[in-house]
There are 4 protein chains.
Amino acid sequence: MRQVPAKLASKLYGAAELIAERGLADAKVDEIADAAGIPKATLYYYFSGKDEVLAFLLADMLELIAGEVGTAASAPGSARDRLESAVEAQLAVMLDHPAVCRALVGDLGRATRLPELAAALQEAFHRPIASLLAEGVSDGTLRQVEDPGAVALSIFGAITVTGLSAAVDGSSNDSAKDAARIAASICDLMLNGLATTPANPEGDR
Amino acid sequence: MRQVPAKLASKLYGAAELIAERGLADAKVDEIADAAGIPKATLYYYFSGKDEVLAFLLADMLELIAGEVGTAASAPGSARDRLESAVEAQLAVMLDHPAVCRALVGDLGRATRLPELAAALQEAFHRPIASLLAEGVSDGTLRQVEDPGAVALSIFGAITVTGLSAAVDGSSNDSAKDAARIAASICDLMLNGLATTPANPEGDR
Amino acid sequence: MRQVPAKLASKLYGAAELIAERGLADAKVDEIADAAGIPKATLYYYFSGKDEVLAFLLADMLELIAGEVGTAASAPGSARDRLESAVEAQLAVMLDHPAVCRALVGDLGRATRLPELAAALQEAFHRPIASLLAEGVSDGTLRQVEDPGAVALSIFGAITVTGLSAAVDGSSNDSAKDAARIAASICDLMLNGLATTPANPEGDR
Amino acid sequence: MRQVPAKLASKLYGAAELIAERGLADAKVDEIADAAGIPKATLYYYFSGKDEVLAFLLADMLELIAGEVGTAASAPGSARDRLESAVEAQLAVMLDHPAVCRALVGDLGRATRLPELAAALQEAFHRPIASLLAEGVSDGTLRQVEDPGAVALSIFGAITVTGLSAAVDGSSNDSAKDAARIAASICDLMLNGLATTPANPEGDR
DNA sequence: CATGAATGAGCATTCATTCAT
DNA sequence: CATGAATGAATGCTCATTCAT
C-alpha cells in the first residue's frame with residue numbers, strides 16, 4: 001500500500017457509505033471507485049485490492065477514536081469522570097462517522113480474521129476502558145470488580161452496540177447531542193446499576 | 001426451502017464454522033458443501049442458495065435462544081432474578097454454538113439489510129430484556145431509568161460482545177461454566193454499577 | 001485437469017490453428033472457446049487455464065508422434081532403413097497437424113520453461129533417433145560418430161525446422177507426398193553428406 | 001525508436017535473460033525495466049513498447065550473426081571450408097549470447113507473424129548457407145543435391161537446434177570451445193553422412 | 001532529458017446456479 | 001431423490017501506455 005495522498009483519502013470516505021450499505025463483498029470495485037470519484041485503476045495503484053481500501057478507512061477511523069478516547073481518558077479529573085468522558089467520546093466519533101462505523105461493524109466478523117484489525121480495535125476501544133477501570137480503583141472513584149476484563153468488555157459492548165444502533169438509525173441531525181444522551185444512559189447504568197436494593201459489591205450470586 | 005432432514009441439518013452445522021471463519025460472502029458454495037460433507041447440488045435441492053443455508057442455521061439458533069431466554073424470563077421469581085437468568089441463558093446458548101454465533105455476528109451487518117433477521121434478533125435478544133426491565137420497575141426489584149430502550153440495548157450489547165468474544169476465543173471446554181462466570185460479571189455491573197459513591201438515581205450528569 | 005471427453009478433445013483441435021496463428025498469450029480465452037465451439041466456462045471446467053489447454057493439445061500430438069516414430073523405429077529391417085522411416089514418420093505427423101505443430105514451435109520457448117514439455121519432446125523426437133543411431137552402429141548400417149548426442153540433436157533439428165517450415169507454408173495439399181519428398185532430402189544429407197571427397201570418418205577438423 | 005545510448009543498450013541485455021525465460025508476452029514491462037535497472041517510463045522514452053525492445057535486441061544479434069557468418073562465408077578458401085567456418089561462426093555467436101538467442105527462439109513463433117523478423121532471420125542464417133551450397137557445387141568441393149533449399153534449411157535447423165540446446169544448458173564456461181566442438185559434429189554429419197555403404201549421390205530411396 | 005504518477009482498456013478467472021439423468 | 005456435469009453472468013485485477021513536471 002503506497003502512501004495515500006490526503007486528497008485521495010478524503011475522496012475514499014465517499015465510498016464508506018457504499019461499503020456500509022452493501023458490505024464489502026457485495027460492493028463492486030467499480031462502484032467503490034465510482035463512489036470515490038476516481039478511476040478504478042487508481043484504486044489499484046494505491047491499494048492492493050478491495051480489502052485494503054476498507055482496511056485503510058477503518059484504520060483511519062480507529063486512529064481517530066483512539067485519539068479522542070485517549071484524550072478524554074488522560075484529561076485531569078477522577079477516573080470516574082474520565083470514564084464518562086471516554087464513553088461519550090467514543091460515541092461521539094461513532095456518530096460522527098456513521099458510515100465508516102457501520103462498515104466496521106458490517107465487517108466485524110473480519111475482525112475475527114484480521115489480527116491487525118483486532119489489535120487496532122483493542123487499542124482504540126478496549127484498552128482505554130480497561131485502564132480507566134484500574135485507575136478508578138486506585139483513586140477510589142470506582143469500585144473493584146471481580147473480573148475487570150469482562151467488565152471492560154461489557155462496557156465496550158454496551159457502547160459499541162448502542163452507538164452502532166444509533167449510527168444505523170441515523171435519524172437525528174445533531175450527533176453531538178445524541179452522543180451525549182446515549183452516553184448519559186450508558187453511564188447511569190454503568191455507574192449506578194439497576195438494582196433497587198443497596199449495592200452488593202460482592203456481586204449478586 | 002424444502003423440509004430439511006435432520007441428518008442434513010446436523011451435517012450443515014459442520015459448515016457453520018466455515019461461514020464464521022470466512023463470512024458468508026467469502027465462503028464458496030462448494031466449500032460449504034464440502035464442509036458439510038454433501039454434494040453441492042444437494043444443497044440446492046434443499047435450499048434456494050447460500051443465503052438460505054445461513055438463514056436456516058441462524059433461525060435455528062435464534063429460535064433456540066428465544067426459547068431459552070423466554071423460559072428464563074417467564075420463570076417464577078422477581079424480575080431482577082429473571083433478568084439475571086436471562087443473561088446467563090443467552091450467554092449459555094451463545095457459548096454452546098460458538099460457530100453459528102460467530103457467523104451471526106460476522107454477518108451482523110447483514111442484519112442492517114435483512115429486516116427479517118433484524119426482527120428475529122430483536123425478538124430473541126432485545127425484547128425479553130426490555131420486558132424484564134419494565135417488569136422490574138413494576139415489581140420494585142429494578143429501578144426506573146430514564147431511557148429504558150437505550151439501557152436494554154446496552155445490556156444486549158454487553159452480553160453479545162462479551163459472549164462473542166468468548167465464542168471467538170473458544171479456549172475453555174466447559175461452556176456452561178464460562179457462561180455462568182461471564183454472566184456473573186455482567187450482572188454485577190448491570191445491577192450494582194461501578195460507582196463507589198451512593199447511587200444517584202437521577203443519573204450522573 | 002479432469003478427464004477430457006473425446007468429443008471435447010476433438011473440438012479443441014479447432015482452436016489449435018488460432019493458438020498457432022497468434023501465440024498462446026495473444027489468443028484470448030474467449031476466442032479459444034469460440035474457436036472450439038464451447039462455452040468459456042466449460043473450458044475452465046476441464047482445464048485450469050489457457051496453458052493447460054495448450055499443454056493438452058501438445059501432449060496429444062507428442063504422443064501421436066512418439067507412437068508413429070516408435071512404430072517406424074521398431075519395425076523390422078536395418079537401423080538405417082528404420083532411421084529413414086522414422087524421419088519420414090515424424091515429418092508426416094508434423095505435416096498432418098500443421099496447426100498444433102506450429103503452436104508447439106510458436107511456444108517452443110515454453111519448452112525451456114516447462115520441464116514436462118521438454119521431457120515429452122525428448123521422448124517423442126530425440127530419443128528414438130538417438131536409439132537408432134546406436135543400433136545402426138551395432139548392425140553395421142550406420143557409422144560410428146564422435147558425439148552421437150550432438151548428431152541426434154542435429155538430425156532432430158533438421159527434421160523439425162524443415163517440417164515446421166513446411167507446416168507454416170502449408171501450400172501443398174498432399175502432406176504425405178511432401179513429407180516423403182522432404183524426408184528424402186534430409187536422409188540424403190544425413191546419410192551421404194555433402195562432401196565430394198571420400199568420406200573421412202574421423203571428421204574433418 | 002530514438003537513438004539508443006550505448007549505456008542503455010548494455011543495460012537492456014540484462015533483460016534478455018528475463019525475456020528468454022518467460023517469453024515476451026509474459027514478461028511485464030515493469031519486469032523488463034527492473035531487470036534492465038531503468039525506470040519503466042525511460043523504456044518508453046526510447047522505445048515504442050515491449051516489442052521494440054525485443055526487436056532491438058534481436059536486430060542487434062542478427063546483425064552480429066550476419067556479420068560473422070558473412071565474414072566466414074566470404075573468406076578465401078573452398079566453399080566447403082567456408083561452410084564449415086560459417087557453421088562454427090553461427091554457433092559461436094549463439095553461444096556468446098545465449099539469452100538473446102533463447103529469446104529469439106522463444107519467440108520464433110513470432111517469426112511466423114512478423115515478416116520483418118522472418119526476413120532478417122533468412123538473411124542472417126539461411127541465405128549464407130544456401131549460397132555456400134551453390135558455390136560448393138561450382139568449385140567442386142560440395143556435391144549437387146536434389147533440393148538445395150531443403151538441405152540448406154536442414155543445415156540451418158541442425159545448427160539452430162543444437163545451438164539453442166547448448167544455450168539453454170549453458171553449463172560450460174568456454175563458449176568458443178563448445179561452439180567448435182558442436183560445429184565439428186555437425187560438419188562431420190553434414191559432410192560425410194552416416195552411411196557406411198558408399199555414398200549414393202542419387203539419394204537412398 | 002528522464003521519470004513518477006496516474007489510468008483506459010482489456011481479460012482471465014470465478015462461482016452460483018441449473019438440469020438431465 | 002440426489003447429483004455430476006455444464007454454463008451464464010459477473011467482476012477483480014493487470015498492464016501497457018501516457019504525460020505533466
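Proteins come first, then strands; the chains are lettered A, B, ... in the order of their sequence lines, and each starts at number 1.
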Once base and sugar-phosphate atoms are separated, protein heavy atoms under 4.0 Å mark nucleotides 16-21 of chain E, 5' to 3', with B, S and - as SBB---
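- Per the geometry, CG belonging to D/L54 stands 16 Å off C1' belonging to F/dA16, to the nearest Å.
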DNA chain E base-pair string [pairs: Watson-Crick or G-U under 3.5 Å; |: paired with another strand]: .||||||||||||||||||||
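- With sequence neighbours left out, B/Y46 forms a side chain to side chain contact (heavy atoms under 4.5 Å, CB included) with B/R2, B/P5, B/L8, B/T42.
- If you take OH of C/Y45 and P of F/dG8, they are 15 Å apart, rounded to a whole angstrom.
- Distance CD1 (B/I38) to P (F/dA2): 10 Å, rounded to an integer number of Å.
- For the pair C/D26 CG and F/dC15 C1', the interatomic distance rounds to 13 Å; values are reported in whole Å.
- The salt bridge (charged side-chain N to carboxylate O under 4.0 Å, His left out) search around B/E52 returns none, not counting sequence neighbours.
- The interatomic distance linking A/I32 (CD1) with F/dC13 (P) rounds to 10 Å, in whole Å.
- With sequence neighbours left out, B/E63 forms a salt bridge (charged side-chain N to carboxylate O under 4.0 Å, His left out) with no residue at all.
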D/V100 and D/E17: side chain to side chain contact (heavy atoms under 4.5 Å, CB included), yes or no, with the steps? CA-CA 7 Å; D/V100 182; D/E17 176 73 24; over 6 Å; no
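- Note that SG of A/C101 and CD1 of A/I65 are 7.0 Å apart. Values are rounded to the nearest 0.5 Å.
- Under a 3.5 Å cut-off, the side chain of A/K50 and the backbone N or O of A/A25 do form a donor-acceptor pair.
- One can place CD of B/Q3 at 12 Å from P of F/dA2, the figure rounded to the nearest angstrom.
- The minimum heavy-atom distance between D/L62 and D/A124, with the atom names listed, is O-CB, 3.7 Å.
- For the pair B/T42 and F/dA2, the criterion of a side-chain N or O lying under 4.0 Å from OP1 or OP2 is not met.
- Residues in residues 33-49 of chain D take part in these salt bridge (Lys or Arg N to Asp or Glu O under 4.0 Å) pairs, two or more places apart or across chains: D/D30-D/K40.
- At the heavy-atom level, D/F47 lies nowhere under 4.0 Å from the strands shown.
- Side-chain contact check for D/L12 versus D/F47: some heavy-atom pair is nearer than 4.5 Å.
- The interatomic distance linking D/D34 (CG) with F/dA16 (C1') rounds to 15 Å, in whole Å.
- Between D/L43 atom CG and F/dC15 atom P the separation is 16 Å, expressed in whole Å.
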